[in-house]
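Numbers for residues simply follow the sequence, beginning at 1.
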Amino acid sequence: MDVTTKATTSIRARLLRILVLALAVLLALLGIAATEQISAYRNASATADNARLEITLQGLVHELQKERGLTTGYVGGVQQFSVKLPAQRKATDAAREQLDVALKGREDSAAGSVRESLGRLDGLAGIRKDADDGTGVVKDTFDYFTTTITVLDRLDLGLGDVHDGTLRDAYQALQVLGNAKEFTGEERAIVLGSVRAGRFRGDDYGRFMEIRAGRLAALDAFPRSATAVQVRRLDTALTTPDAERALSYESKAVHGSGKLKSSAVPPMAWWDSMTSTINGMRDVQISLGTDVENRAAQLESSAQRDLLLFLLLALGTVAALGALALDCVRSVSSPLVELARQAREVAGSRLPQAVAAVQDGSSGAAPRPPAPLAVNGRAGAEVREVAEAFDRVQRSAFDLATEQAVLRRNATDSLVSLGRRNQNLVRRQISFINKLEHEDADPATLANLFELDHLATRMRRNAESLLVLAGESSPRPWSTPLAVNDVLRAALSEVEEYRRVTLRRIEPAFVTGSVVVEIAHLLAELVENALSFSPPDSDVEIEGRRTSAGYLVAIVDHGFGMDNQAIAEANVRLSGTASFMAEPTRFLGHFVVGALARKCGIEVRLGEAPAAGVVARVLIPAALLTEKAVEAKPSLPAPRKAETDMEPQPEPAAVAPVAAKGGSSAARTRNGLVKRPQRSGIAAAVSETDRTDRTTPAAPPNPERTPEQVSGMLSTLRSAHMRGGISVEKEKQQNAETNEGAAK
């Protein structure tokens with residue numbers, strides 16, 4: 001699993017996805033609610049603005065109503081109004097300017113409709129001019145003002161569509177009162193236009209009656225939408241003396257059957273009483289407008305408060321969700337991350353160190369298990385349960401590893417003990433065989449003893465392989481350098497079919513004495529492996545040469561070879577990094593070579609041979625080579641006690657009794673028999689190392705020998721002579737059998 005996939009499947013990522021999704025849903029819901037709240041606030045704010053605009057508009061309508069009454073009366077012949085007209089016209093213009101100020105900066109539909117309706121005031125200048133010039137017509141003047149006032153008075157500013165019932169009723173009461181006030185103003189104007197004529201002009205009487213009926217209907221409808229306080233205000237305005245006088249004049253006009261005498265309805269008295277009544281209605285209208293404005297302001301303030309509360313609630317909800325998310329991360333994600341870190345630390349260092357301490361066991365004290373995992377105090381119960389479960393797993397793993405380590409150490413100790421016992425027995429056997437060889441001169445007996453000697457030498461290598469696998473050091477310490485050729489001969493003395501080994505070009509070089517035994521053992525294992533996996537009628541070739549990196553020994557067999565996978569697996573074993581406990585026993589030789597190579601710093605690699613088979617390349621580093629060898633002493637080593645069984649320690653392995661093919665010819669007697677060298681240079685070097693203290697320089701050889709030494713040398717010479725004769729006879733017999741088989 002790569003880093004990206006791991007990051008997207010972690011608990012933290014999943015929690016974040018859940019929290020982000022929940023936050024997105026919450027924000028969406030909050031957005032919808034916020035939109036509604038903002039819409040309500042804007043509606044309330046627009047309602048308040050429209051209420052203020054309505055009051056300002058009604059102020060203009062009121063002034064137009066007054067100017068209509070004066071202008072119509074003046075055109076109708078009431079000359080007293082000429083004094084009042086200039087002031088009224090200024091009042092009308094001032095109301096128009098106030099309305100323009102109220103409309104400034106507003107681009108909503110209500111303001112647009114008001115601006116559009118105000119266009120009708122463009123004809124006001126012409127009406128005023130006609131009235132001043134005396135060319136005005138009562139009907140035209142009345143119709144112009146009435147139509148303009150009706151258009152302005154009936155504008156829909158959206159106050160009737162509000163959701164608040166109180167505001168809607170107050171606005172409706174304001175509209176009804178405005179209609180009643182307009183009808184009253186129309187009554188005032190139409191009477192003033194006809195009073196000088198003594199009767200209603202044309203069909204003005206009918207219109208007067210319709211206007212009166214409209215006023216009465218509006219006044220009857222007012223209580224249905226107005227509050228009791230507002231009804232009382234209107235009743236107070238309509239019961240004043242001026243209002244009652246205006247009603248008496250109205251009654252005379254109604255009952256005059258179209259006649260309208262100045263004596264019955266004096267123009268100025270009619271104007272004053274009706275104007276006073278209309279002003280009273282205007283006061284009630286202003287109070288209603290104030291109620292509408294106050295209610296709209298309350299709605300705006302309430303909407304603003306609700307919006308602020310909603311925003312605070314939304315912010316609090318988001319903050320609470322963030323706090324929950326943070327707490328979730330702290331109680332689940334962060335503790336799990338810390339738990340995973342500690343688990344990796346336990347698996348990577350703490351538990352292996354504890355197991356290594358168990359395997360070491362050098363301190364003698366019982367190793368302590370790894371400390372339990374530390375969990376943050378804010379961690380959730382589930383995380384604590386996971387930590388406790390992991391602690392149990394960790395303790396079980398430690399106990400199992402401890403048990404396995406103890407078993408492995410006991411098994412290793414058993415292998416070491418058995419290996420040393422077996423090795424000591426083999427040494428004693430070799431020592432006894434050597435003694436028999438020195439005492440018996442019968443060729444047949446010497447031949448059998450030689451075979452026993454060779455078998456015992458191979459058995460000793462197997463015992464030493466057990467010690468190598470157990471991690472023990474070589475039981476045959478060495479100190480003096482030795483030629484590579486002698487090291488190869490020592491290795492060949494420990495393999496069974498050494499006669500099939502052919503030594504090619506072996507460039508001269510000397511190996512440091514401290515690794516001579518290990519290198520000989522390593523080469524013997526590789527040669528044994530090459531002989532085992534090559535046809536019995538083929539040879540194994542060995543070549544050695546110097547390289548820039550050290551000394552390279554190539555061991556080539558001509559078997560069936562190995563595939564690439566098998567070679568790769570074998571090279572892993574030969575590197576010394578694999579454990580022999582997990583591999584089949586048929587690969588133990590590889591693990592022995594790997595252990596020796598890793599100990600000495602030698603590189604061993606298998607590869608395909610140029611023609612057929614496998615080549616094993618052994619690269620001995622330059623640090624393990626030396627330029628010259630120290631001459632070995634011919635004397636035999638003094639016996640020493642083994643560490644395990646306290647048995648006598650015989651000399652190291654002897655070289656091959658018959659020289660390998662292709663190498664230097666073995667020494668022969670005057671009768672042509674092959675001599676068996678006295679343990680070659682390896683035995684002499686080991687003897688010298690065992691006999692001489694390593695910390696002091698070697699003493700010069702003593703030319704005087706004891707009788708025991710002379711006897712031993714003669715016995716060795718005699719044994720070599722007999723073995724050589726036996727070897728020649730055996731070779732002749734084998735050649736004869738071979739020739740006989742070929743002849744057949």
What do you reckon, is CZ of Arg120 surrounded by more than 12 foreign heavy atoms closer than 6.0 Å? yes
Sorted by first residue and then second, give each salt bridge (charged side-chain N to carboxylate O under 4.0 Å, His left out) pair with at least one member in residues 218-236; sequence neighbours left out. Arg233-Asp291
Any salt bridge linking Glu63 with Arg96? Criterion: basic side-chain nitrogen under 4.0 Å from a carboxylate oxygen. no
ring-ring contact (aromatic ring centres under 6.0 Å, His included) pairs, two or more places apart, involving residues 201-251: Phe200-Tyr205, Phe200-Phe208
Taking ring-ring contact (aromatic ring centres under 6.0 Å, His included) as the cut-off, I'd like each qualifying pair that reaches into residues 105-143, sequence neighbours left out, listed once. none
For a side chain to side chain donor-acceptor pair (under 3.5 Å) with Arg68, tell me which candidate from Thr148, Thr92, Thr146, Thr141 qualifies. Thr146
Give the minimum heavy-atom separation between Ile55 and Gly289, together with the two atoms involved. CD1-O, 2.9 Å
In short, Asp242 meets Ser276 closest at the heavy-atom pair OD2-OG, 2.7 Å
How far apart are the closest heavy atoms of Val138 and Val75, and which atoms are they? N-CG1, 3.6 Å
Please name the pair of heavy atoms, one in Glu244 and one in Thr239, separated by the smallest distance, quoted to 0.1 Å. OE2-O, 3.5 Å
Quick one: list whatever passes ring pair (Phe, Tyr, Trp, His ring centres under 6.0 Å) with Trp270, sequence neighbours left out. none
Counting neighbours of CD on Glu116 that are heavy atoms of other residues, nucleotides or ligands and sit closer than 6.0 Å, is the number greater than 12? no
Mind checking ring pair (Phe, Tyr, Trp, His ring centres under 6.0 Å) for Phe145 and listing every partner two or more places apart, or none if nothing turns up? none
Please enumerate all residues that pass side chain to side chain donor-acceptor pair (under 3.5 Å) together with Ser225, with sequence neighbours excluded. none
